[in-house]
2 protein chains.
Amino acid sequence: MQSQRLPTLEDVARVAGVSRATVSRVINGIRNVDPQLHELVWSAVDQTGYVPNKLARSLVTRRTGTVALVVSDSETHDDDPFMSRFFSDPYFGRVVGGLMSVLRPAGVQLALQMVGADGHKRLVGDLRNGQADGAVVLSLPAHDPLPGMLADNGIPAVLIGRPPEPVPISYVDLDNSAGAALAADRLAARGCTCPAVISGPPDVPASVDRISGFRHTMARHGHAWLPSASGNFTQESGAEAMRSLLSSHPAIDGVFVANDLMALGALLVLRDAGRRVPEDVAVIGFDDSSAALAARPALTTVRHPLEDMSAEAARLLLTRLDDPTTRVTSIIYEPTLVPRQTA
Amino acid sequence: MQSQRLPTLEDVARVAGVSRATVSRVINGIRNVDPQLHELVWSAVDQTGYVPNKLARSLVTRRTGTVALVVSDSETHDDDPFMSRFFSDPYFGRVVGGLMSVLRPAGVQLALQMVGADGHKRLVGDLRNGQADGAVVLSLPAHDPLPGMLADNGIPAVLIGRPPEPVPISYVDLDNSAGAALAADRLAARGCTCPAVISGPPDVPASVDRISGFRHTMARHGHAWLPSASGNFTQESGAEAMRSLLSSHPAIDGVFVANDLMALGALLVLRDAGRRVPEDVAVIGFDDSSAALAARPALTTVRHPLEDMSAEAARLLLTRLDDPTTRVTSIIYEPTLVPRQTA
DNA sequence: TTGTAAGCGTTATCAC
DNA sequence: GTGATAACGCTTACAA
């Protein structure tokens, strides 16, 4: 039942009546080879049904034709809620789609690498050992040492999202600040007189940028100070923040929330409090996640060109792989406002 | 700048003052080894910062600790709309999440393999060569020869979704027929007197099962015959089908559509025709895709336990890898109705 | 232009 | 128990 041993270079060489080296040359398209033999070899190849063994090849060339998509999984709970949340959000799929749009035409494969806080060392080791030619890194928890480790070890890598701390690694990111400005302008245009803000964790760069961008723009609209509360990006924390905001500043008539999930929580609390959205309080989220669409009323939010960003990340990485001397760069994308029902 | 050559088994052996073989034994946890040396070796390991080279290991063991997620990409357009559609639908992420929930604890990695109609042979070759230990296969176009090729070559594989033609490969699937029955019951319960159906491509198993299940159940509700039209799973084809249905059978007051995308098209046509949904015509889709939620009114549809199915697929594959004599099986899951606004 | 042979870093089969 | 040594399948100097 088990199928036979596969044909190797040696076998092809025997059939073609040439040396292993010649077959290798033909297959790898190296010039210096007699056209006669060239043809001979190829016919031997499909006579034998030969397929090159990538493992063996990679072992010597130190190139795998694969890049790793590293998902840094901070949670360590036993019944890991991270995965279901992370993967079911369109975010993940959009990133993969964007990466693939560049990688596939280039004949490069994608290997998914989830890594917990403990796995960093092993990951770096594996990458150095040639498990993959490079890495695209996603979803970094605050203070994650991974970017630094990658840089220190000279591993070609590109981040999606600015690293928490400055590190000599290329990345693509959204202009979170500009996105927040969009939200601020929208609320201002609606005539909000008492806008507030619900921020995310203070150690996540995206979160910080969103809040500071919002504050800055609101200041330009004459709101020097804003009632604020913070959460940790979960729905429940958003609800909690909204409750606290409502009790300390009942006059609030607009709120910018640093991500959609928290905005969802805020929406629920507003409804329970008898505030109509958007008539009494306008709400704007961030991310344009599936949650935004699912919300009733549908959530007005800020959207990334995530596919484009991911595609560019892939391009950056491939360039770097081709030419290791390529300089570290960053590319920042512009967000757009998705007007739905809440603002 | 380039970091040094990595330590190898040999280096560790030298530091520990033992042979390469012994180090290998210690690292792979083989019993017959003096506790003294055991400790000695481990200290040499982290003194040198040694990390095993998986490539080299796989080359000899013929085991990679990786499974391939094969996405059979039928479309061959230049500006591939398949990818953006496929990856942005939560379907993909849910599958990955389900697989990972089993694979990750087992220490198995996932490699994404997109393969067009041309790539089948190479894919099988790569798999036989040990690129991956096995494969989970997704999204099969009709008449795809891949399952047969996998079976013929003795490649451990599990399909998500019944193969178009019978093949000795394990698979997990949804009881599409039961899902359709749910839809039929719902329409019947609403008191629909003239239910109709929009089917998908006749060569896609899931599509066929859905329609026959619907017909069967409707027959039990006294509707021996149903107006029907068919599409190809795209929104536009759904619209077209609805138009034809409406003109041939204006009395229609309920319609079951074989997937959400087509249902979306149907919804649009109904609105244009001035029919209220669900008051005049009730609509039920299938898949619970993101489109269902995005629809206005939100689409009532039938949902898969896709994460569970995928997790089980991973389990099946792992079992098979452990014990190649495992019998081919299939596991069928029960769908549920997601009542939203259209029925 | 082609062949010979030396690795790439492991594991596995032997003797000792 | 432990250590040589031969694979694993390929690429690549170096020779011819």
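Here is how names work: the chains are called A, B, and so on, in the same order as the sequence lines, proteins then strands, and each is numbered from 1.
When the side-chain nitrogen and oxygen atoms of B/Arg25 are compared with OP1 and OP2 of D/dG3, none of them lie within a distance under 4.0 Å. An OP1 or OP2 oxygen of C/dT11 is reached within less than 4.0 angstrom by a side-chain nitrogen or oxygen of B/Asn28. The side chain of B/Asn53 contributes no N or O atom lying less than 4.0 Å from OP1 or OP2 of C/dG9. In this structure, A/Ser24 reaches the D/dT11 phosphate: one of its side-chain N or O atoms is under 4.0 Å from OP1 or OP2. Taking 4.0 angstrom as the limit, A/Thr8 places none of its side-chain polar atoms (N or O) nearer than this to OP1 or OP2 of D/dG9. Residue A/Thr22 places at least one side-chain N or O under 4.0 Å from the OP1 or OP2 atom of C/dG3.
Atom pair B/Asp34:CG and D/dT2:P shows a separation of 5 Å (rounding to whole Å applied). One atom, CZ of A/Arg5, and another, C1' of D/dG9, lie 10 Å apart when rounded to the nearest Å. Note: CD (B/Glu10) to P (C/dC8) measures 10 Å, nearest angstrom. Distance, B/Ile30 CD1 to D/dG3 C1': 14 Å, rounded to whole Å.
Counting heavy atoms from C-beta on, the side chains of A/Leu103 and A/Val67 come closer than 4.5 Å. Contact of the B/Lys54 side chain with the B/Gln109 side chain is registered, since non-hydrogen atoms from C-beta on lie closer than 4.5 Å. Between A/Gln47 and A/Val15 the shortest side-chain heavy-atom distance falls below 4.5 Å.
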N/O-N/O pairs, protein side and nucleotides 5-7 of chain D side, under 3.5 Å:
from  : atom 1 : to      : atom 2 : distance (Å)
D/dA6 : N6     : B/Arg20 : NH2    : 3.2

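Of the charged side-chain nitrogens involved, at least one lies within less than 4.0 Å of a carboxylate oxygen, so that B/Asp11 and B/Arg5 count as a salt-bridged pair.
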Side chain to side chain contact (heavy atoms under 4.5 Å, CB included) between A/Ser310 and A/Met100, intermediate numbers included: CA-CA 9 Å; A/Ser310 307; A/Met100 275 309 208; over 6 Å; no
Check against side chain to side chain contact (heavy atoms under 4.5 Å, CB included), B/Arg25 and B/Arg20: CA-CA 9 Å; B/Arg25 291 190 189 101; B/Arg20 196 162 72 218; over 6 Å; no
Test side chain to side chain contact (heavy atoms under 4.5 Å, CB included) applied to B/Val23 and B/Trp42, step by step: CA-CA 8 Å; B/Val23 178; B/Trp42 275 118; over 6 Å; no
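Relative orientation of the B/Phe92 and B/Phe87 rings is perpendicular, given thresholds of 30° and 60° on the angle between their planes.
In this structure, CG in B/Asp118 is found 11.0 Å from CG in B/Leu123, a value given to the nearest 0.5 Å.
For DNA chain D, the neighbouring residues in residues 42-50 of chain A, judged by any heavy atom under 4.0 Å, are A/Tyr50.
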